[in-house]
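Quick note: numbers below take in every heavy atom, side chains included, and nothing from hydrogens, waters or symmetry partners. Here, residue 1 is the first one in the sequence, and each next residue gets the next number. The model shown is predicted, which means the values in this text are computed figures rather than measured ones.
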Amino acid sequence: PFTTTPLLALAWALQAVQAAPEPGVGKPLVYCADASPEGFDPALWDSSSTSNVTSQIFQGLVGFERGSSRLVPELATAWQVSPDARTFTFQLRPGVKFHSTAQFTPTRDFNADDVMFTFTRLVDPQLPFNLAFPATFVYPQSLGLAKMIASVIKLGPMEVRFTLHQPNVNFLSYFAGSFAGIHSAEYAAQLLARGQASSINNLPVGTGPWQFKSYRKDDVLRFKPHPLYWRGVQAPNLTPKALVYAISREPNVRVQKLARGECHITAPIRDVDISALQGHPQVVVQKIQALNISYLAFNLKKPPVDKRDVREALDIAIDRNALFKVLFPRGDALQAVSAFPPAVPGFNKSLKNEFNPARARQLLATAGYPNGF
């Protein structure tokens, strides 16, 4: 939760820094990653370096439309939300195949059992799988998912209903989060029977367009196309014969690899490198509005910022324009006026930031700090 109006917003994001020519059909697509994934179970981790990987392997019941925060069908084809926002019912997509690997060959398509396992695992510590592989589900626990969900019920082979203790109009969007990627209940049962439950984090099985092939930590991660992907093998993101994550922690190394054509796309790099690459004849820099902000927050338990007047005084005493020019000299960022960036639906364009040192002094005096602190 935000404790005050954000100080700054980064209104663009590096969608891709891409080297030309692009890889064609039958060639690998190489992505210069900036960090190794923490693991391959999307429920266990919440870093972007991990979700950028697991989102290739796993899919949720719903997803975000590319480039926006609008919800679209994924492994669910339709859903109904009760008027009181406490009951969420999903109709599941038929014919979806899980990955077939050296460790697992699925005998059935995706169904309600997989949804039941995935989410029961997140909320029930006594689930046999959780007893065999105790884990901390970082993002679900921060959401309070276990206390939020009253029941998860299988209504039929391809229908599942979630009921909440309290109304939550945001609950549907949780299913598009990376942590909500659907696991194979059949695979989990086999791992449990073999005493290898922890392998769910090391040898992943999902329904996504790419399936895990091999991994060398801090070096390279390889995927191969999922041949039975439900969107079809002719989907644009399946034209390369392989997907390769070349892991390079140093930004300058990623820049060099991109300039030499060793990578086709890179993870975020430094501002100074973006400026340099914009003039490179074989590099394309693409930008879109971001879903992230930079902001100033207060510890509400610590005096004197436990008082609203003090927080408001500090907020309006900051000369954002001066600070903004220093922090974002390239000129392609946008000042925040709320806790949300413009790409979020419902963004209020009429809000303005205030810079008023005189009123800030008055507020401090009202709060009992006429001489500051």
Residue pairs passing the salt bridge (Lys or Arg N to Asp or Glu O under 4.0 Å) test where at least one lies in residues 151-175, sequence neighbours excluded =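 Sorted pair list: Asp113-Lys154.
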
Can you confirm whether [X] sits close enough to [Y] that some side-chain heavy atom of one is under 4.5 Å from a side-chain heavy atom of the other?
| X | Y | result |
| --- | --- | --- |
| Lys301 | Asp306 | no |
| Asn130 | Phe137 | yes |
| Phe129 | Thr120 | no |
| Lys213 | Leu221 | no |
| Arg108 | Glu186 | yes |
| Ile247 | Asp219 | no |
| Leu75 | Val96 | yes |
| Ile274 | Gln278 | yes |

I'd like to know if [Y] and [X] are part of one continuous hydrophobic network [Ile/Leu/Val/Met/Phe/Trp/Tyr, side-chain heavy atoms within less than 4.5 Å].
| X | Y | result |
| --- | --- | --- |
| Trp45 | Leu143 | yes |
| Leu92 | Ile153 | no |
| Val62 | Val81 | yes |
| Val253 | Tyr31 | no |
| Leu122 | Leu131 | no |

Report yes if the distance between the aromatic ring centroids of Tyr245 and Phe223 is under 6.0 Å, otherwise no.
->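 Tyr245 vs Phe223: aromatic centres under 6.0 Å.
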
Heavy-atom closest contact (Arg121 atom, Ile200 atom, distance) |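 Between these two residues, the closest heavy atoms are NH2-CG2, 3.9 Å.
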
Closest non-hydrogen atom pair, Phe98 against Phe110 |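 Closest approach of Phe98 to Phe110: CE1-CA, 3.7 Å.
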
Side-chain cluster (under 4.5 Å, hydrophobic types only) that Val138 belongs to, other residues |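 Members alongside Val138: none; it stands by itself.
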
Return the set of residues passing salt bridge (Lys or Arg N to Asp or Glu O under 4.0 Å) with Asp124 (not counting sequence neighbours), or none when no residue passes.
->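 Asp124 satisfies salt bridge (Lys or Arg N to Asp or Glu O under 4.0 Å) with no residue once adjacent residues are dropped.
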
Is the closest side-chain donor-acceptor distance between [X] and [Y] under 3.5 Å?
| X | Y | result |
| --- | --- | --- |
| Thr207 | Lys97 | no |
| Tyr229 | Gln59 | yes |
| Thr89 | Gln80 | no |
| Thr50 | Glu38 | yes |

Do other residues, nucleotides or ligands put more than 12 heavy atoms under 6.0 Å from [X] [atom1]?
| X | atom1 | value |
| --- | --- | --- |
| Arg308 | CZ | no |
| Arg361 | CZ | no |
| Lys257 | NZ | yes |

How far apart are the C-alpha atoms of Arg93 and Trp230, what are their side-chain angles, what is the distance that settles it, and do they pass the side-chain contact (heavy atoms from CB on, under 4.5 Å) test?
-> CA-CA 9 Å; Arg93 186 177 300 279; Trp230 60 270; 3.5 Å; yes

Say whether, by atom type as modelled, one donor and one acceptor occur between the side chain of [X] and the main chain of [Y] under 3.5 angstrom.
| X | Y | value |
| --- | --- | --- |
| Asn201 | Phe40 | yes |
| Gln56 | Pro209 | no |
| Thr118 | Ile182 | no |
| Arg70 | Glu65 | no |
| Asn353 | Ala336 | yes |
| Gln211 | Ile57 | no |
| Arg311 | Val305 | yes |
| Arg254 | Arg249 | yes |

If a pair satisfies disulfide bond (SG atoms under 2.5 Å apart) and one of its residues is in residues 32-131, list it, with sequence neighbours excluded.
->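 Only Cys32-Cys263 qualify under disulfide bond (SG atoms under 2.5 Å apart).
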
Among pairs that include at least one residue of residues 90-119, which meet disulfide bond (SG atoms under 2.5 Å apart), considering only residues two or more places apart or in two chains?
->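 Counting only pairs at least two positions apart or across chains, no disulfide bond (SG atoms under 2.5 Å apart) contact touches residues 90-119.
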
Would you please test Trp210 and Leu29 for side-chain contact (heavy atoms from CB on, under 4.5 Å) and show each step?
-> CA-CA 12 Å; Trp210 296 97; Leu29 174 66; 5.8 Å; no

Rounded to the nearest 0.5 Å, how far apart are [atom1] of [X] and [atom2] of [Y]?
| X | Y | atom1 | atom2 | answer |
| --- | --- | --- | --- | --- |
| Gln335 | Leu351 | CD | CG | 13.0 Å |
| Asn111 | Met158 | CG | CE | 6.5 Å |
| His264 | Leu243 | NE2 | CG | 11.0 Å |
| Phe212 | His226 | CZ | NE2 | 16.0 Å |
| Ser49 | Asp34 | OG | CG | 7.0 Å |
| Thr136 | Leu44 | OG1 | CG | 8.5 Å |

Can you sort out the partners of [X] under side-chain contact (heavy atoms from CB on, under 4.5 Å), two or more places apart, ordered by chain and number?
| X | value |
| --- | --- |
| Ala365 | Pro370 |
| Gln196 | Leu191, Arg194, Ser199 |
| Asp309 | Leu363, Thr366, Ala367 |
| Asn371 | none |

With side-chain contact (heavy atoms from CB on, under 4.5 Å) as the test, would you mind laying out the steps for Leu61 and Glu74 before giving the verdict?
-> CA-CA 5 Å; Leu61 296 180; Glu74 286 281 343; over 6 Å; no

For Phe175, which residues count as a ring pair (Phe, Tyr, Trp, His ring centres under 6.0 Å) partner, sequence neighbours excluded?
->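 Phe175: ring pair (Phe, Tyr, Trp, His ring centres under 6.0 Å) contacts with Phe90, Phe119, Phe162, Phe171.
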
Pairs satisfying ring-ring contact (aromatic ring centres under 6.0 Å, His included), at least one member in residues 53-81, at least two apart =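 For residues 53-81: Phe58-His183.
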
So which pairs with a foot in residues 347-373 pass ring-ring contact (aromatic ring centres under 6.0 Å, His included), sequence neighbours left out?
->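 Pairs touching residues 347-373 that pass the test: Tyr369-Phe373.
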
Kindly determine whether Lys325 and Asp319 satisfy salt bridge (charged side-chain N to carboxylate O under 4.0 Å, His left out), including the steps that lead there.
-> CA-CA 11 Å; Lys325 291 176 182 177; Asp319 186 351; over 6 Å; no

From CA spacing to verdict: side-chain contact (heavy atoms from CB on, under 4.5 Å), Gln103, Val205 = CA-CA 9 Å; Gln103 296 77 30; Val205 170; over 6 Å; no

